[in-house]
Trainee: 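This structure is in structure tokens; I'll ask about it shortly.
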Protein chains: 2
Amino acid sequence: MISKKTKYGLQALLLLSREYGEGPLLISDLAERERIPKKFLEYILLQLKNAGVLQSRKGKGGGYSLAKPPAEISVGRAIRILEGPLAPVACVSETAYQRCTECHDEATCGIRLVMKDVRDAMAEILDHTTLQDMLQRSEDEKKKLHGVVDFQI
Amino acid sequence: MISKKTKYGLQALLLLSREYGEGPLLISDLAERERIPKKFLEYILLQLKNAGVLQSRKGKGGGYSLAKPPAEISVGRAIRILEGPLAPVACVSETAYQRCTECHDEATCGIRLVMKDVRDAMAEILDHTTLQDMLQRSEDEKKKLHGVVDFQI
DNA sequence: GTTTTTGTCTATCGATTAAATAGACTATTT
DNA sequence: AAATAGTCTATTTAATCGATAGACAAAAAC
């Protein structure tokens, strides 16, 4: 289960993607529109900025915006920043590997071999899905669900 | 990341699978062989028993054993008992669904659509991998790594 | 039928993390 | 200078994780 922090972060990124190119958004606007505690969101956006995913400007007309187009930011990237490694166990993480202290022989540990498959399956999806893809899927679903309307005269 | 509890539980299940059919194992033996704090392991095994995965006998000659053959217990089952739902967000869980309180429209939420794919990919692996499979993969890997030895005269 | 063995149950503890909040500070614009 | 808006540090509260203690219950052995 991902934390609220990560979920809030993804919600904010999605909104910033939707309005990409239309100038920065205020933290307070983002907080209100996504119903996220403002102070908590500040802290989340700051992390994303320090990781290079967002950029900010102070003063009037300031706020946050994506540092790169939505098609160039993967969901996996955002999750790793906010939540940590994707891997279910540290000994199969590509980005935060740590030797296993519990098992007898890491190379032949059955748990590790299965968890490696799980990690790879997750990474395959999350590293190849961008913010734009996620937005697109949402739009496609909206069309599909309310599609009937489009065919009415 | 899975908790130590889940990892300990899987280690214990793997050992019980390896010795399936040879009578029950003592908690204290399991704890010592897998280097797990005994009291913590008691609590883990009890949960697995209450969920029907393990069976136990008290008194001399007692201990824990699998309630079913290792080929009939999936890794996903064990993880759900010890760790909770596989799904990254509750609104895509098959076994512990909860309506999303944060997003505006669950049906078209982009985060949810992507996380559903992740959940399905994880479940595909974990629900189709049994304790026996996990054991087998470990054995195969041992043979592969130390295989050279087998070909020596 | 008492003793020994071994699992069961309840409670608790300390440490860490999650979620949220407060307030002073700094940069930018007007 | 004043207003705006992000930045940084600290703190709080509650929940969860990992682990431990001890009384209790059932089964077997003597």
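Chain letters run A, B, ... following the sequence lines, proteins first and then strands; every chain starts at 1.
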Trainee: Distance check needed: C:dT17 C1' versus B:Met1 CE, whole Å only.
Mentor: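 Checked: the CE to C1' distance equals 15 Å.
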
Trainee: Hey, is A:Glu102 close enough to B:Lys7 for a salt bridge, meaning N to O under 4.0 Å?
Mentor: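 A salt bridge is present here (some side-chain N lies under 4.0 Å from a carboxylate O).
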
Trainee: Is the shortest distance from a Lys or Arg side-chain nitrogen in B:Glu139 or B:Lys144 to a carboxylate oxygen in the other one below 4.0 Å?
Mentor: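 So B:Glu139 does not pair with B:Lys144 through a salt bridge.
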
Trainee: Measure the distance from CD on A:Gln55 to P on D:dT7 and round it to the nearest whole Å.
Mentor: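 It works out to 11 Å between those atoms.
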
Trainee: Residues of residues 79-95 of chain B with any non-hydrogen atom less than 4.0 angstrom from an atom of DNA chain C: list those, numerically ordered, please.
Mentor: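 Result for residues 79-95 of chain B: none.
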
Trainee: Determine whether the side chains of B:Glu83 and B:Ser3 contain a donor N or O and an acceptor N or O closer than 3.5 Å.
Mentor: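 Result is yes, a qualifying pair exists.
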
Trainee: Given that A:Ser3 and A:Gly61 both sit by DNA chain C, which one's nearest nucleotide is further toward the 5' end?
Mentor: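 The 5'-side residue here is A:Ser3.
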
Trainee: Measure all distances between protein nitrogen or oxygen atoms and nitrogen or oxygen atoms of nucleotides 21-27 of chain C, and list the pairs falling under 3.5 Å.
Mentor:
from: C:dG23; atom 1: O6; to: A:Lys39; atom 2: NZ; distance (Å): 2.2
from: C:dT26; atom 1: O2; to: A:Lys58; atom 2: NZ; distance (Å): 3.3
from: C:dA27; atom 1: O4'; to: A:Lys58; atom 2: NZ; distance (Å): 3.3

Trainee: Classify the nucleic acid contact of A:Ile27 as base, sugar-phosphate or nothing, counting any heavy atom under 4.0 Å across all strands shown.
Mentor: sugar-phosphate

Trainee: Counting only side-chain N and O atoms of A:Ser28, is one of them less than 4.0 Å from OP1 or OP2 of D:dA5?
Mentor: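 Looking at the OP1 and OP2 atoms of D:dA5, neither is under 4.0 Å from any side-chain N or O of A:Ser28.
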
Trainee: Answer yes or no: does a side-chain N or O of B:Arg57 lie under 4.0 Å from OP1 or OP2 of C:dT5?
Mentor: no

Trainee: Reckon A:Leu45 touches a base, only the sugar-phosphate, or nothing at all at heavy-atom distances under 4.0 Å?
Mentor: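 If one applies the 4.0 Å heavy-atom cut-off, A:Leu45 turns out to touch nothing in the nucleic acid.
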
Trainee: For the pair made of NZ in A:Lys49 and C1' in D:dG6, what is the distance, rounded to whole Å?
Mentor: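 Distance check: A:Lys49 NZ to D:dG6 C1' gives 8 Å.
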
Trainee: Under 4.0 Å between a side-chain N/O of A:Tyr8 and OP1 or OP2 of C:dA20, yes or no?
Mentor: yes

